[in-house]
Amino acid sequence: MEIKITPISPEERQSPLEDISNIVFGSQFTNHMFLMEWDQGRGWHDARIEKYHALTLEPSAIIFHYGQEAFEGLKAYCTVGGKYVLFRPEQNFARLNKTARRMCLPELDEQFALKALKQLIEQDIDWIPKAEGTSLYVRPTIIATEPALGLKQSASFLFFIILCPVGPYYSEGFNPVKIIVSEEYTRAAPGGVGEAKTAGNYAASNLAEKEAKESGFTQVLWLDAVERRYVEEVGSMNIFFVINDEIVTPQLTGTILPGITRDSVLQVGKHWGLTMTERKISIDEVIESIENGSLSEIFGSGTAAVVSPVGELHYRGKKYVIKDGKTGPFARRFFDEIVGIQYGKVKDPFQWLEPIL
Ligand SMILES: *Cc1c(COP(=O)(O)O)cnc(C)c1O
């Protein structure tokens, strides 16, 4: 399929901000976006790159009422050598298709979607910020657009990609997060959509996150929905525990989002010869390990912050301080290595960087 490119007019063209150190994440978008539609009988068609603009949809469009959608989040970087790269983008498009299957959305040709993304970024290449720790965030999304309140399979869909510059990860250094274990709410049940990257999971988490914030915590630590016993993930990050010489992350059981950063941490750790274990880990084991001193670190992983140390854990009204509330050596080492690869500062034995141009 051909991609029709209609560049924004010179008068309308916005220049990238000079200083994005204080930019609010996801508030400022680049000049262009990618779009294509899907209709029954025609499949995907009208692939195009044009001026970033608002969408016009019927108020009865399925997405507004039944939340049928899939999204992704990844980043483009300018390396220290001045190359423009994406980090493991094929993984994001593979996961987008996995989510699409679960949400009854039409799948994409992954190679084509990657090509479309590269061509889109090429139009806005000056928007990839160059300062240390900055990047261009990429948000591919598929939505069901048919105007139909009757519950049915949508007959029309839209795929779009938008781009926004993001500021440095930790402008004032790592800021370990305070998390609270939610016993009241759960995020995802077996057989549900916990492993899909879809809007409803976020809508369903809002109240717990809001209450956590009101009580002074940054994020919620989710337990499994059946026994309320096993750790799943934290906010919109996967989670790791350093216990004795083992680095543990909950195994993927269908209710946990299979993070690409999670996979990168696992691969880097194994490459270093560390004991990286994917298994069930109960909140009781976590608390016991903190109390007997065998747990030295907790950290989250995700595209936004890469690695996010946990400084405090609250459970059943008790506060547990992890690593004196500071960043531990494993969190720092994983952060430095993965960020180092993303910016071309350290050797990439995994071939995780995909050139854009
Ligand atoms: C996106 C996401 C993650 C992290 O995935 P990455 O691919 O590492 O960015 C973790 N948990 C949830 C719920 C997510 O939506």
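Computed from a predicted model, the values in this text were never measured in an experiment. Below, all heavy atoms of this structure are taken into account, side chains as well, without hydrogens, waters or symmetry copies. The residues of the chain are indexed from 1 along the displayed sequence. In listed order, ligands and their atoms are each counted from 1.
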Novice: Starting from atom 11 (N) of ligand 1, which protein heavy atom do you reach first, and at what distance in Å?
Specialist: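 Atom 11 (N) of ligand 1 sits closest to the protein heavy atom Glu233 OE1, 2.6 Å.
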Novice: With no hydrogens and no angle check, just 3.5 Å: does a side-chain donor-acceptor pair link Arg139 and Tyr137?
Specialist: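 A pair is found: one side chain offers a donor N or O, the other an acceptor, under 3.5 Å apart.
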Novice: Are the aromatic ring centres of Phe34 and Phe160 under 6.0 angstrom apart?
Specialist: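 So the answer is no for these two rings.
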Novice: Pair Glu122, Tyr84 - check side chain to side chain donor-acceptor pair (under 3.5 Å), show working.
Specialist: CA-CA 10 Å; Glu122 198 179 336; Tyr84 298 111; over 6 Å; no
Novice: Do the ring planes of Phe157 and Trp38 sit parallel (below 30°), tilted (30 to 60°) or perpendicular (above 60°)?
Specialist: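 Geometry flag for Trp38 against Phe157: perpendicular rings.
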Novice: Would you say ligand 1 has an N or O under 3.5 Å from any N or O of Ile260?
Specialist: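 Yes - when backbone and side-chain N and O of Ile260 are compared with those of ligand 1, one distance drops under 3.5 Å.
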Novice: Do we see a donor-acceptor contact under 3.5 Å between the side chains of Thr255 and Glu232?
Specialist: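 Short answer, yes.
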Novice: Indicate, with yes or no, if the rings of Phe335 and Phe174 have centres closer together than 6.0 Å.
Specialist: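 Yes, ring centres under 6.0 Å apart.
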Novice: Starting from atom 9 (O) of ligand 1, locate the nearest protein heavy atom and write down its residue, its atom name and how far away it is, to 0.1 Å.
Specialist: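 Result for atom 9 (O) of ligand 1: Thr303 OG1, 2.5 Å.
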Novice: Return the closest protein heavy atom for atom 5 (O) of ligand 1 as residue, atom name and distance.
Specialist: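 That would be Gly259 CA, 3.3 Å.
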Novice: Looking at ligand 1, does any of its N/O atoms fall within less than 3.5 Å of an N/O of Lys197?
Specialist: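 Right, the criterion is met.
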Novice: Look at atom 8 (O) of ligand 1 and say which protein heavy atom is nearest, naming residue and atom and giving the distance to 0.1 Å.
Specialist: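 Atom 8 (O) of ligand 1 sits closest to the protein heavy atom Thr261 OG1, 2.7 Å.
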Novice: Starting at CD1 of Ile143, measure out to OG of Ser156 and round the result to the nearest 0.5 Å.
Specialist: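 These two atoms lie 9.0 Å from each other.
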Novice: Of the protein's non-hydrogen atoms, which lies at the shortest distance from atom 15 (O) of ligand 1, and what is that distance?
Specialist: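 Closest protein heavy atom to atom 15 (O) of ligand 1: Tyr202 OH, 2.2 Å.
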Novice: Is it true that Asp284 and Ser282 share a donor-acceptor pair across their side chains at a distance under 3.5 Å?
Specialist: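 On atom types as modelled, these side chains do not qualify, holding no pair under 3.5 Å.
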Novice: What is the closest protein heavy atom to atom 10 (C) of ligand 1, and at what distance does it sit?
Specialist: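 Ranking protein heavy atoms by distance from atom 10 (C) of ligand 1, first comes Ser236 O, 3.2 Å.
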Novice: At a 4.0 Å threshold, what atoms of ligand 1 neighbour a non-hydrogen atom of Arg95?
Specialist: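 This gives 5 (O), 6 (P), 7 (O) as the contact atoms.
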Novice: What atoms of ligand 1 come closer than 4.0 angstrom to any heavy atom of Met237?
Specialist: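 Matching atoms, with element in brackets: 10 (C), 11 (N).
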Novice: For atom 13 (C) of ligand 1, which of the options Glu195, Arg187, Arg262 provides the nearest non-hydrogen atom?
Specialist: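 Minimum heavy-atom distance to atom 13 (C) of ligand 1 goes to Arg187.
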